[in-house]
Amino acid sequence: MTTIHFKGGASGAVDLSAVAPAGKDAVLPFAVETLDTRGRALHMGPALNEILSSHAYPAPVSRLLGEMLVLTALLGTSLKFDGRFILQAQTDGPVNLLVVDFQTPSNLRAYARFDDAAVEKAEREGRTRPEDLLGKGVLAMTVDQGQHMQRYQGMVPLEGASLEEVAHAYFVQSEQIPTRVRLGVSELVSPGDDGAPLSTWQAGGVLVQFLPESEERVKIRDLPGGDGDDRAFDHEEDNAWTEAQALLSTVSDEELTDPDIPVETLLFRLFHEQGLRLFSPQKIAAHCSCSGETIWAVLKGMSDDELHDIAKDGKIEVKCEFCAKDYSVTAEEIIANR
């Protein structure tokens with residue numbers, strides 16, 4: 001693994017041009033060893049646009065799903081095995097379901113379910129913060145290592161809090177890891193080639209975790225199912241973690257989502273005085289695992305009567321909720337090719 005170490009003074013006289021940029025849609029792991037802090041940072045662009053544009057959600061829903069995508073990418077890329085990480089929110093709010101599915105090592109897909117009238121009403125009333133759209137419910141994090149391994153799921157209540165606040169609570173309560181997250185999503189509108197407004201989405205996030213190396217203070221490493229220590233014990237705040245949180249709190253949404261601010265530059269602004277170490281970036285991409293073969297196999301397992309019951313005008317229409325792709329086949333085709 002490639003590492004780059006920065007140790008600058010107050011002047012910040014370090015030449016970042018010598019650093020190969022991670023670019024958009026790449027999670028950049030980092031460490032600030034003087035603060036016993038490790039983390040990941042990300043700027044999402046093309047992958048975010050591909051996922052959101054396939055659904056054409058209302059803007060507030062797209063922003064909320066964008067935050068979920070960034071959070072999932074930051075967490076999912078920490079897994080040390082082949083498997084899936086699923087982040088799911090079920091609520092009583094205008095947006096009642098959000099699902100983001102991360103397939104290691106890089107593939108993301110997502111969708112949202114919402115009440116159109118309730119979202120429109122929230123927009124009219126200016127109540128479009130994540131906590132307004134989500135309301136009360138549950139946020140579940142699921143780690144699936146495959147059919148031969150135990151599936152792990154942790155849950156935390158959604159009670160009128162932002163996704164950042166919920167993530168903080170989850171890691172303290174469930175994993176005993178002091179964690180802070182900053183998430184930002186923005187819609188950029190510019191003239192297209194035909195003069196019509198062209199909308200593109202940008203998002204970014206930084207996750208930091210307090211992971212001191214001393215044995216008496218060691219924490220679980222990464223997510224359950226990873227390569228961590230399962231011991232849990234009380235955490236006491238100290239000056240290093242206080243400083244790391246204070247520095248992260250200075251990051252603005254504009255810095256997180258500005259396409260002209262590389263993620264390396266953002267991290268350098270935050271931590272170069274404390275000693276910043278950058279590791280090899282991990283690329284992510286929009287990719288759905290649905291396929292005609294998979295759907296065909298499911299339909300072939302149904303009886304003739306069941307196939308005719310779900311057919312409309314002789315056709316069975318199946319739509320993938322994640323990528324919005326449509327599949328069509330007749331009951332007779334399925335029956336004839338069993």
Side-chain angles (χ1 to χ4, degrees), residues 21-28 40-77 87-89 94-95 97-102 106-114 116 119-120 122-123 126-134 162-164 167 181-207 251-263 265-266 281-288 320-325:
K24 296 179 176 61
D25 297 338
V27 176
L28 184 62
R40 294 176 180 83
L42 165 69
H43 185 101
M44 284 190 75
L48 181 71
N49 271 305
E50 184 174 340
I51 292 171
L52 296 182
S53 63
S54 68
H55 296 285
Y57 293 135
V61 178
S62 289
R63 290 191 188 94
L64 184 56
L65 189 59
E67 287 196 8
M68 284 276 285
L69 280 158
V70 172
L71 181 57
T72 301
L74 291 171
L75 298 175
T77 51
L87 191 63
Q88 179 173 319
V95 180
L97 180 66
L98 294 166
V99 181
V100 183
D101 182 350
F102 177 83
S106 61
N107 294 336
L108 276 169
R109 59 180 188 165
Y111 75 93
R113 189 177 66 204
F114 56 96
D116 287 288
V119 170
E120 289 178 7
E123 286 189 275
R127 297 183 296 102
T128 57
R129 299 177 305 168
E131 47 266 50
D132 296 324
L133 296 175
L134 289 173
S162 68
L163 286 176
E164 291 178 357
V181 181
R182 280 288 289 115
L183 305 170
V185 180
S186 66
E187 182 182 18
L188 305 181
V189 180
S190 59
D193 294 337
D194 59 357
L198 177 64
S199 174
T200 59
W201 290 92
Q202 304 286 329
V206 182
L207 176 146
V251 178
S252 67
D253 288 354
E254 290 74 17
E255 288 177 295
L256 288 171
T257 61
D258 189 334
D260 295 325
I261 300 179
V263 68
T265 299
L266 178 59
Q282 299 167 253
K283 297 296 291 185
I284 59 171
H287 178 80
C288 187
C320 177
E321 291 185 298
F322 283 103
C323 66
K325 186 175 181 179

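Every heavy atom of this structure was used, including side-chain atoms; hydrogens, water molecules and symmetry mates were not. Start at 1 with the first residue, then count along the sequence.
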Does [X] reach the side chain of [Y], with side-chain heavy atoms less than 4.5 Å apart?
{"X": "L42", "Y": "T77", "result": "no"}
{"X": "L98", "Y": "L134", "result": "yes"}
{"X": "R109", "Y": "C323", "result": "no"}
{"X": "V99", "Y": "F322", "result": "yes"}
{"X": "P281", "Y": "V263", "result": "no"}
{"X": "P130", "Y": "E67", "result": "yes"}

Nearest 0.5 Å, what's the [atom1]-[atom2] distance between [X] and [Y]?
{"X": "L65", "Y": "R63", "atom1": "CG", "atom2": "CZ", "result": "13.0 Å"}
{"X": "D253", "Y": "L183", "atom1": "CG", "atom2": "CG", "result": "9.0 Å"}
{"X": "L97", "Y": "Y111", "atom1": "CG", "atom2": "OH", "result": "4.5 Å"}
{"X": "S106", "Y": "K283", "atom1": "OG", "atom2": "NZ", "result": "10.0 Å"}
{"X": "T200", "Y": "N49", "atom1": "OG1", "atom2": "CG", "result": "5.5 Å"}
{"X": "M44", "Y": "L108", "atom1": "CE", "atom2": "CG", "result": "5.5 Å"}

Work out which heavy atom in [X] is nearest to a heavy atom in [Y]; give both atom names and the distance.
{"X": "R127", "Y": "L133", "value": "O-CD2, 4.0 Å"}
{"X": "A73", "Y": "V27", "value": "O-CG2, 3.9 Å"}
{"X": "A203", "Y": "L48", "value": "CB-CD2, 3.6 Å"}
{"X": "E187", "Y": "S199", "value": "OE2-OG, 2.6 Å"}
{"X": "W201", "Y": "S62", "value": "CZ2-CB, 3.5 Å"}
{"X": "L266", "Y": "E255", "value": "CD1-CB, 4.0 Å"}

Quiz prompt | E321/R113 under side chain to side chain contact (heavy atoms under 4.5 Å, CB included): CA gap, chis, key distance, verdict | solution = CA-CA 9 Å; E321 291 185 298; R113 189 177 66 204; 5.7 Å; no

Quiz prompt | Exam field: side chain D25 to backbone G45, donor-acceptor pair closer than 3.5 Å | solution =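 Yes; judged by distance alone, with no hydrogens or angles, the pair exists.
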
Practice problem: Tell me, yes or no, whether the heavy-atom count around K325 atom NZ, taken from other residues, nucleotides or ligands under 6.0 Å, exceeds 12. | Solution: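 Not more than 12 within 6.0 Å, no.
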
Quiz item: V100 pairs by side chain to side chain contact (heavy atoms under 4.5 Å, CB included) with which of L71, I51, T72?
Solution: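 Only match with V100 under side chain to side chain contact (heavy atoms under 4.5 Å, CB included): T72.
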
Exercise. Tell me, with the steps shown, if Y57 and L64 meet side chain to side chain contact (heavy atoms under 4.5 Å, CB included).
Key: CA-CA 10 Å; Y57 293 135; L64 184 56; over 6 Å; no

